[in-house]
Amino acid sequence: MSNSLPTREEDYSKWYNDLVVQAELADYSPVRGCMVIRPYGYAIWNRIKNALNERIEQSGVDEAYFPLFIPMSFFEREAEHVEGFSPELAVVTHGGGKELEEPLVVRPTSEAIIGDMFSKWIQSYRDLPLKINQWANVVRWEKRPRLFLRTLEFLWQEGHTAHSSYEEAQEMVEEILFNVYQDFCEQVAAIPVIPGKKSENEKFAGALATYTLEAMMGNTWALQAGTSHNLGQNFAKAFNIQYSDDNNELQDAWTTSWGMTSRMVGAVIMVHGDDHGLVLPPKLAPHQIVIVPIWRDEEQQEAVLAKCQELLGELGDFRVKLDDRDSYSPGFKFNEWEQKGVPVRLEIGPKDLEKGTVVVARRDMPGKQGKQFVSMETETLIPTLHNLLDEIQSSMLEKAREFQLSHTYEPKDYAELQDMIPEGWVHAYWCEDEACEAKVKEDTKATLRCLPFEEESEGTCIVCGKPATKKAVFARAY
RNA sequence: CGGGGCGUAGCGCAGUCCGGUCAGCGCACCGCGUUUGGGACGCGGGGGUCGGAGGUUCAAAUCCUCUCGCCCCGACCA
């Protein structure tokens, strides 16, 4: 592990990359754009998966698995879908030493293959709603990869549902957006998000409407944290997902799809990380607490380690790591675990044994003010740690929210918008004309991130001045 | 694919203009000893066909030609 990290201000992109590599989350692979996720990074991803799964299950969705390969012809059934995805498809042309009669697409998303199966599974309105989720890897041949945020292959969860009405499908889309994704982002990842609708220009290829959660990273750029699509009847028509209603009339189903990806690991890093390294919210941290023992000689070592082992046993409520490595100094360990983002550190040395205390240090508050002496007695220590982890979890969310709010601006006019974009997000009226969206991008590199869910009101488009009723968020994005 | 930059030890780099004690530095790694309350120190050690191919030369990391790869800025994007 290297001793230094570039600071965020110096070079945000390098800071991020070094942080990912030095904290042992991921590595570059021999294949450009692909990423090796190391055990520590995967442990974070696993916690993300578990938290999402809990919520997905609560929404009445079942788990299943569909194939990696999708026949090209399936893909071509929905015109907009294939048009949107074809530039980034990986295609298998040979198998078993022979050229295939029909090329197979390595799934970039599974609407096509799942749509085909849904058409076989759904006959009657009694079969609806059908709600399926799968955990999978997908491949999109991105031109500019970035560890976790945009790699050729990534891990995700994709949900696919079919319903008997538009309203029910829309309800599903919002259920996932708010109760699964937003709740996860804010309550688990401590990342505040703005839920909203994508513009026509930015929506999913083939969807009726796409909804998104936009999160602000530490450099004020926006990152799409999750997405939920109302596919209308487009995919049902393309894949023959038809059912007989209670009047025995044949109807096209209404479908949805939604996903959240391994990119969330990157989001956690970029939202919470500081110049000392990662800062992990307690609910996602592989180790919530690390114990660093301190000794001067073998006698002390034995006594201190014995106490640490005892403590390790008593702290079974938490995910605890005891760093009993010899040959590394305590100072080295402090820095290493800081870089890896462990929320709470316990320091135990000979002086603590004498006084019956431990030093409790919190990662999100570096320096003296984040340190306190706490009694070793478990009646005191355990409740203190519970409270502290809760406090860290919520204050991380608050801190990120304050940052997001204080970097979101309401410009008076277009000139002000141009000035504000480099400083953060802009929230302003938009007339829903694509030309205005394009002009903002041309002038500022900012894209229209979403139309947040909020009351409509009377105003004028920030770009062209025409009457407008909806406000949009414009920002630079990953 | 357009515009810029870079390939020398696991990582980060110096050396290239001006060919010849340039096969080097820091970190990491291995051994021994002393250390250990905020990234320890000393001594010793291992590791590189200088991205690849060809050429010029008595002599090439260095000059010439061709190639391959990577990074950054754009277009695409969870």
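Numbers restart at 1 for each chain; the letters A, B, ... are given by sequence-line order, proteins then strands.
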Peer 1: Could you measure between the two P atoms, the one in C13(B) and the one in U56(B), and give it in whole Å?
Peer 2: 35 Å
Peer 1: What integer number of Å spans the P atoms of C58(B) and G10(B)?
Peer 2: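 Those two atoms are separated by 35 Å.
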Peer 1: Salt bridge check: are Glu336(A) and Lys333(A) linked by an N-O gap of less than 4.0 Å?
Peer 2: no
Peer 1: Suppose we define a pair by two distances each less than 3.5 Å, Watson-Crick or G-U wobble; what does G38(B) pair with here?
Peer 2: none
Peer 1: Would you call Lys203(A) and Glu200(A) a salt bridge, using N to O less than 4.0 angstrom?
Peer 2: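 Yes, Lys203(A) and Glu200(A) are salt-bridged.
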Peer 1: My understanding is that a pair needs two contacts under 3.5 Å, Watson-Crick or G-U wobble. By that rule, which nucleotide pairs with C13(B)?
Peer 2: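 WC or wobble partner is G24(B).
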Peer 1: Looking at Tyr42(A), is Arg38(A) sitting on its ring face, NZ or CZ under 6.0 Å from the six-membered ring centre and within 45 degrees of the normal?
Peer 2: no
Peer 1: Check the pair Gln157(A), Gln134(A) against side-chain hydrogen bond (donor to acceptor under 3.5 Å, both in side chains), reporting the backbone distance first and the verdict last.
Peer 2: CA-CA 6 Å; Gln157(A) 142 290 303; Gln134(A) 84 163 338; over 6 Å; no
Peer 1: Using Watson-Crick or G-U wobble geometry with both distances under 3.5 Å, which nucleotide pairs with U57(B)?
Peer 2: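 Answer to the pairing question: none, since U57(B) forms no Watson-Crick or G-U pair.
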Peer 1: Between A9(B) and U49(B), how many Å separate the two C1' atoms, rounded to a whole number?
Peer 2: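 That atom pair is separated by 13 Å.
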Peer 1: G48(B) pairs with which nucleotide, Watson-Crick or G-U wobble, both distances below 3.5 Å?
Peer 2: none
Peer 1: From the list C29(B), A40(B), A78(B), which nucleotide is the closest neighbour of the side chain of Gln224(A)?
Peer 2: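 Nearest to the side-chain atoms of Gln224(A), counting from C-beta on, is A78(B).
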Peer 1: Provide, to the nearest angstrom, the distance between the CD atom belonging to Gln339(A) and the C1' atom belonging to G38(B).
Peer 2: 14 Å
Peer 1: Checking Trp156(A) now: which residues fulfil ring pair (Phe, Tyr, Trp, His ring centres under 6.0 Å) with it, not counting sequence neighbours?
Peer 2: Phe154(A)
Peer 1: In whole Å, what separates the P atom of G51(B) from that of G15(B)?
Peer 2: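 Here G51(B) and G15(B) have their P atoms 15 Å from each other.
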Peer 1: With Lys143(A), which residues qualify under salt bridge (Lys or Arg N to Asp or Glu O under 4.0 Å), at least two apart?
Peer 2: none
Peer 1: Is the shortest side-chain N/O distance from Thr227(A) to OP1 or OP2 of A78(B) below 4.0 Å?
Peer 2: no
Peer 1: Whole angstrom is fine here: how far is it from CD in Glu88(A) over to C1' in C1(B)?
Peer 2: 17 Å
Peer 1: Compare side-chain N and O positions of Arg146(A) against OP1 and OP2 of A78(B) and report whether any pair is under 4.0 Å apart.
Peer 2: no
Peer 1: Between U36(B), A40(B), A75(B), which nucleotide has the shortest distance from any of its atoms to the side chain of Trp295(A)?
Peer 2: U36(B)
Peer 1: With rounding to the closest Å, how many angstrom separate the C1' atoms on G24(B) and U62(B)?
Peer 2: 15 Å
Peer 1: Select base, sugar-phosphate, or nothing to describe what Leu149(A) touches, counting heavy atoms under 4.0 Å on all strands.
Peer 2: base
Peer 1: Nearest whole angstrom, please: distance from the P of C6(B) to the NZ of Lys14(A).
Peer 2: 16 Å
Peer 1: As a quick check of understanding, evaluate salt bridge (Lys or Arg N to Asp or Glu O under 4.0 Å) for Lys439(A) and Glu437(A), giving each step before the final call.
Peer 2: CA-CA 5 Å; Lys439(A) 180 168 169 55; Glu437(A) 183 182 355; over 6 Å; no
Peer 1: Mind calculating the distance between CD (Glu442(A)) and P (G74(B)) to the nearest angstrom?
Peer 2: 14 Å
Peer 1: Checking contacts here: which listed nucleotide (C29(B), G39(B), U36(B)) is nearest the side-chain heavy atoms of Ile294(A)?
Peer 2: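 Per side-chain heavy atoms of Ile294(A), the pick is U36(B).
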Peer 1: Name the nucleic acid region contacted by Val138(A), choosing base, sugar-phosphate or nothing; use a 4.0 angstrom heavy-atom cut-off, strictly under.
Peer 2: nothing
Peer 1: Using whole Å, report how far NZ of Lys143(A) lies from P of C70(B).
Peer 2: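 About 16 Å, once rounded to whole Å.
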Peer 1: If you look only at pairs with a residue in residues 44-63 of chain A, which of them pass as a salt bridge (charged side-chain N to carboxylate O under 4.0 Å, His left out), with sequence neighbours excluded?
Peer 2: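 Those involving residues 44-63 of chain A are Arg55(A)-Asp183(A).
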Peer 1: Among the candidates A78(B), C76(B), G38(B), find the nucleotide nearest to the side-chain atoms of Asn335(A).
Peer 2: G38(B)
Peer 1: Assess whether salt bridge (Lys or Arg N to Asp or Glu O under 4.0 Å) is satisfied between Glu391(A) and Arg362(A), documenting all intermediate values.
Peer 2: CA-CA 10 Å; Glu391(A) 155 66 17; Arg362(A) 53 191 283 185; 3.7 Å; yes
Peer 1: Can you check the Asp326(A) CG to U34(B) P distance for me, whole Å?
Peer 2: 13 Å
Peer 1: What are the residues of residues 176-198 of chain A, sorted by number, that bring a heavy atom to within less than 4.0 Å of RNA chain B?
Peer 2: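 Nucleic-acid contacts, sorted: none.
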Peer 1: Does Glu338(A) contact G38(B) through a side-chain donor or acceptor facing the base, at a distance under 3.5 Å?
Peer 2: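 Answer is yes: a donor-acceptor pair is held.
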Peer 1: G12(B) and C71(B): how far apart are their P atoms, nearest whole angstrom?
Peer 2: 12 Å
Peer 1: Verify the neighbour count for atom NZ of Lys321(A): are there more than 12 heavy atoms of other residues, nucleotides or ligands below 6.0 Å?
Peer 2: no
Peer 1: Do any side-chain nitrogens or oxygens of Lys445(A) fall under 4.0 Å of OP1 or OP2 in G74(B)?
Peer 2: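 Lys445(A) to G74(B) OP1/OP2: side-chain N or O found under 4.0 Å.
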Peer 1: Distance between the C1' atoms of G47(B) and C1(B), in whole angstroms?
Peer 2: 40 Å
Peer 1: Name the residue closer to the 5' end of RNA chain B, choosing between Phe204(A) and Lys371(A) according to the nucleotide with the nearest heavy atom.
Peer 2: Lys371(A)
Peer 1: Looking at the side chain of Pro330(A), which of U36(B), A40(B), C76(B) is the nearest nucleotide?
Peer 2: U36(B)
Peer 1: Tell me if the CZ atom of Arg296(A) is crowded by more than 12 foreign heavy atoms within 6.0 Å.
Peer 2: no
Peer 1: Under 6.0 Å from the six-membered ring centre of Tyr12(A) and within 45° of its axis: does the NZ or CZ of Arg8(A) meet both?
Peer 2: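 Not flagged: Arg8(A) not positioned over aromatic ring of Tyr12(A).
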Peer 1: Toward the 5' end of RNA chain B, which comes first, Pro145(A) or Thr151(A), by nearest nucleotide?
Peer 2: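 Counting from the 5' end, the first nearest nucleotide belongs to Pro145(A).
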Peer 1: In whole Å, what separates the C1' atom of C43(B) from that of U35(B)?
Peer 2: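 Approximately 15 Å lies between the C1' atom of C43(B) and that of U35(B).
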Peer 1: Under a 3.5 Å cut-off for both distances, is C43(B) Watson-Crick or wobble paired, and to whom?
Peer 2: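 Because both required distances fall under 3.5 Å, C43(B) counts as paired with G31(B).
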Peer 1: Heavy atom of residues 343-354 of chain A under 4.0 Å from RNA chain B: which residues?
Peer 2: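 Hits under 4.0 Å, by residue number: Arg345(A), Glu347(A), Gly349(A), Pro350(A), Lys351(A), Asp352(A).
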Peer 1: Please list, chain by chain and in numerical order, all residues satisfying salt bridge (Lys or Arg N to Asp or Glu O under 4.0 Å) with Glu158(A), sequence neighbours excluded.
Peer 2: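 With sequence neighbours excluded, Glu158(A) shows a salt bridge (Lys or Arg N to Asp or Glu O under 4.0 Å) to no residue whatsoever.
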Peer 1: Roughly how many Å is it from OH in Tyr28(A) to C1' in G69(B), rounded to a whole number?
Peer 2: 15 Å
Peer 1: Does C6(B) pair with anything, Watson-Crick or G-U wobble, both distances under 3.5 Å, and if so, with which nucleotide?
Peer 2: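 For C6(B), the partner nucleotide comes out as G69(B), under the 3.5 Å rule.
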Peer 1: For Lys441(A) and C76(B), is the shortest distance between a side-chain N/O and OP1 or OP2 below 4.0 Å?
Peer 2: yes
Peer 1: Would you indicate which nucleotide in U36(B), A40(B), G38(B) comes nearest to any side-chain atom of Phe334(A)?
Peer 2: G38(B)
Peer 1: Are Phe154(A) and A78(B) stacked, counting the six-membered base ring, centres under 5.5 Å, planes under 30°?
Peer 2: yes
